[in-house]
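Here is the naming used below: chain letters follow the sequence lines, and residue numbers restart at 1 for every chain.
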Protein chains: 2
Amino acid sequence: MPDIPLSDRSPGAPRAAGSAAFSPLYQQIKGLLLQSLDRGEWKPGEAIPSEFDLAARFQVSQGTVRKAIDELAAENLLLRRQGKGTFVATHNEARVRYRFLRLTPDEGRPPVSGSRILECRRVKSAPDVARLLDLRMSETVVNLRRVLSFDQVPTILDDIWLPGAVFRGLTAESLARYRGPLYALFESEFGVSMVRAEEKIKAVRAGAEPAELLQVPEGEPLLQVERVSYTYGDRPMELRRGLYLTEHFHYRNSLN
Amino acid sequence: MPDIPLSDRSPGAPRAAGSAAFSPLYQQIKGLLLQSLDRGEWKPGEAIPSEFDLAARFQVSQGTVRKAIDELAAENLLLRRQGKGTFVATHNEARVRYRFLRLTPDEGRPPVSGSRILECRRVKSAPDVARLLDLRMSETVVNLRRVLSFDQVPTILDDIWLPGAVFRGLTAESLARYRGPLYALFESEFGVSMVRAEEKIKAVRAGAEPAELLQVPEGEPLLQVERVSYTYGDRPMELRRGLYLTEHFHYRNSLN
DNA sequence: CAGTGGTCTAGACCACGTG
DNA sequence: ACGTGGTCTAGACCACTGC
């Protein structure tokens, strides 16, 4: 299986020397691996071929494949396990489950969580939603609303939008039966792997409806988190607006 | 200069085979580089010796030094510049200036910022401050309070604690004259490089004093950010409690 | 024991920055 | 022209996993 769109690889080839668009071999390999991931050649949780096999397939040395995989592992798209192989990252594993959930109790153990679906309907996208999801204006989106509780206490109110064309057949009923992270469901049911997200955070006053759903007085300070999640190729696949009650919880973050 | 506390390096040495504490060579090199950084052998902004020189100094191959530096660069402790060398990271450079400032305007250009020092005094540390800074109870700390304005609008109220023993001679006067990020001042005046930080974020109601200083009504929702900053060796060196006005700004974050 | 990723080496050559 | 980091290769050996 000759995937050969690589640059000229003859021994002394100047590899686009001095050219504006010089791309190292391992970056090209990384791109090919990304394509395979995107096209679903290897599914989340599965092992990809060994470094040795990939080196043969791409006609490069093992070290070059290794460097490509290194970068994908650093970006959490792949997971290396010594002695076993390299695996496609998934939101379905204990180790990385709730990867994107940064809300933590001020003290004590991570609590038991439960989800209550408020709504799940297909609507025409509003302009701001369409823009953030890179859709045409008024294209159909799935709008999903839910309340997450920790130890029975309502704590997060989520308002979620998904591209309707991709998330066909997502209904309140199927969601009600489901246990576990949404992102795991997206992977297994819709083939959408969330790989990265950007968040914008503010402090806001609780309006009437959020106050009622979170069982706090109107005007209560809430953390407002707007998240856009991306799949392979930096394609936005989810817009999520969350309101977090931070009386006994905080949003943790690490700066490097 | 023989830095030789490395493991047995004779050709076929089993390098602590099967032992509980097996540490690869490049990790040992990384540790030695960290020590040199901590002890100030190379100052922020300066170049460290070339990979070739370091390889000779540590008696390992260039590739091994390279891998050690790779990790330090990934952690933002070092900065590689092709053709020039490898440099000690600093908060004094345009590229990484305000590395830890995550507050961004909702729209438009990054604003002009100004700082007003409210207070700078040496006090006995409260128990919670002592604990977070890893100090003995009641040890002296510097308490610094300031208001940061963006485009003349008061936006951040910072309450900062620093270990008194390290930050001798830090006064309101010296601060008033200073322009630029505090972390840059800490580097050049006190030899303290902040390398990493952990934050806990909540939404809170503005109390009387913060409301007055930020010129908003009492009860206004504010983002409360508690940050502990660490220098080399994960030693906590600053506790900062910030209140951010997020009406026209947001805290941005990336999830991977 | 075989297969996987992890470490280490040595050497060649390229790209970048500076004289 | 030289020195720096960046890429690529080839090969040896180690550590971990599972049969």
Side-chain angles (χ1 to χ4, degrees), chain A residues 6-33 42 46-74 78-89, chain B residues 6-33 42 46-74 78-89:
Chain A
L6 303 179
S7 331
D8 180 356
R9 317 243 8 281
S10 51
R15 275 212 312 286
S19 107
F22 158 73
S23 174
L25 242 191
Y26 75 87
Q27 288 286 2
Q28 302 178 44
I29 304 297
K30 182 183 173 187
L32 294 174
L33 293 174
W42 314 301
E46 287 179 10
I48 70 172
S50 75
E51 295 177 355
F52 188 82
D53 288 352
L54 289 169
R57 165 164 165 182
F58 295 132
Q59 295 286 290
V60 299
S61 80
Q62 188 192 353
T64 300
V65 169
R66 185 167 188 77
K67 185 146 190 191
I69 292 179
D70 275 344
E71 293 211 347
L72 293 170
L78 295 177
L79 194 67
R80 324 188 77 138
R81 283 190 253 173
Q82 185 171 159
K84 302 189 68 173
T86 300
F87 297 78
V88 182
Chain B
L6 303 178
S7 333
D8 181 356
R9 318 242 9 282
S10 50
R15 276 213 309 288
S19 105
F22 159 72
S23 173
L25 241 192
Y26 75 87
Q27 287 287 0
Q28 302 177 43
I29 304 296
K30 183 183 173 187
L32 294 175
L33 293 174
W42 314 301
E46 286 180 11
I48 71 173
S50 75
E51 296 177 354
F52 188 82
D53 289 351
L54 289 169
R57 167 164 164 182
F58 297 131
Q59 295 287 291
V60 298
S61 81
Q62 188 192 353
T64 300
V65 169
R66 187 168 186 75
K67 184 146 189 190
I69 292 179
D70 275 345
E71 292 211 346
L72 293 170
L78 295 177
L79 195 67
R80 323 189 77 136
R81 282 190 253 173
Q82 184 171 154
K84 301 190 67 173
T86 300
F87 298 78
V88 182

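- In this structure, B:Glu51 atom CD and C:dG11 atom C1' are separated by 15 Å, rounded to whole Å.
- Nearest approach of A:Tyr26 to A:Glu71, heavy atoms of both residues: CE1-OE2, 3.5 Å.
- The separation between B:Asp53 atom CG and D:dT4 atom C1' is 10 Å, rounded to whole Å.
- Summarising the geometry, the separation between CD1 on B:Ile29 and P on C:dC8 is reported as 9 Å, rounded to the nearest angstrom.
- Distances shown here put a side-chain N or O of A:Arg66 below 4.0 Å from the OP1 or OP2 atom of C:dG6.
- Closest to the A:Val60 side chain, of the nucleotides C:dC8, D:dT4, D:dT9, is D:dT9.
- A close approach under 4.0 Å does occur between a side-chain nitrogen or oxygen of B:Arg80 and OP1 or OP2 of D:dG6.
- To the nearest 0.5 Å, atoms CG (B:Leu72) and CZ (B:Arg80) are separated by 9.5 Å.
- Between the CD atom in A:Gln59 and the CG atom in A:Leu25 there is a gap of 11.5 Å [rounded to 0.5 Å].
- Applying the 4.0 Å criterion to OP1 and OP2 of D:dT7, one finds that A:Thr64 has every side-chain N and O outside that range.
- Of all the heavy atoms in A:Leu33 and A:Ala68, the pair that sits closest is CD1-CB, 4.2 Å.
- Residues B:Val88 and B:Leu78 come closest through the heavy atom pair CA-CD2, 3.9 Å.
- Look at A:Ser61 and you won't find any side-chain N or O under 4.0 angstrom from OP1 or OP2 of D:dA10.
- With values rounded to the nearest 0.5 angstrom, B:Thr64 atom OG1 is found 11.0 Å from B:Glu51 atom CD.
- Judged by distance alone, with hydrogens and angles left aside, the side-chain atoms of B:Gln28 form a donor-acceptor pair with the main-chain N or O of B:Ser23 at under 3.5 Å.
- If you take CZ of A:Phe58 and C1' of D:dC8, they are 16 Å apart, rounded to a whole angstrom.
- Between the CZ atom of A:Phe52 and the P atom of D:dG11 there is a distance of 10 Å, given to the nearest Å.
- In this structure, the side chains of A:Ile69 and A:Leu54 come closer than 4.5 Å at one or more pairs of heavy atoms.
- Scanning all heavy atoms of the two residues, the minimum distance from A:Gln62 to A:Phe52 falls at CG-N, 4.4 Å.
- Rounded to whole Å, atom P of D:dT4 lies 17 Å from atom CG of B:Leu79.
- From one end of the helix from C:dC1-D:dG18 to C:dT18-D:dA1 to the other, with five pairs defining each end axis, the axis direction shifts by 10° (rounded to 10°).
- Straight-line distance from the CD atom of B:Gln62 to the P atom of C:dT7: 18 Å, rounded to whole Å.
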Expected rows: protein N/O vs nucleotides 17-19 of chain C N/O, under 3.5 Å:
residue: C:dT18; atom: OP1; partner: B:Lys84; partner atom: NZ; Å: 3.3

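- Contact annotation for B:Tyr26: backbone-only contact, meaning every heavy-atom pair under 4.0 Å involves sugar-phosphate atoms and none involves a base.
- Close to D:dT4, at under 4.0 Å from its OP1 or OP2, lies no side-chain N or O of B:Thr86.
- When the C1' atom of D:dT7 is taken as reference, atom CD of A:Gln28 falls 12 Å away, rounded to whole Å.
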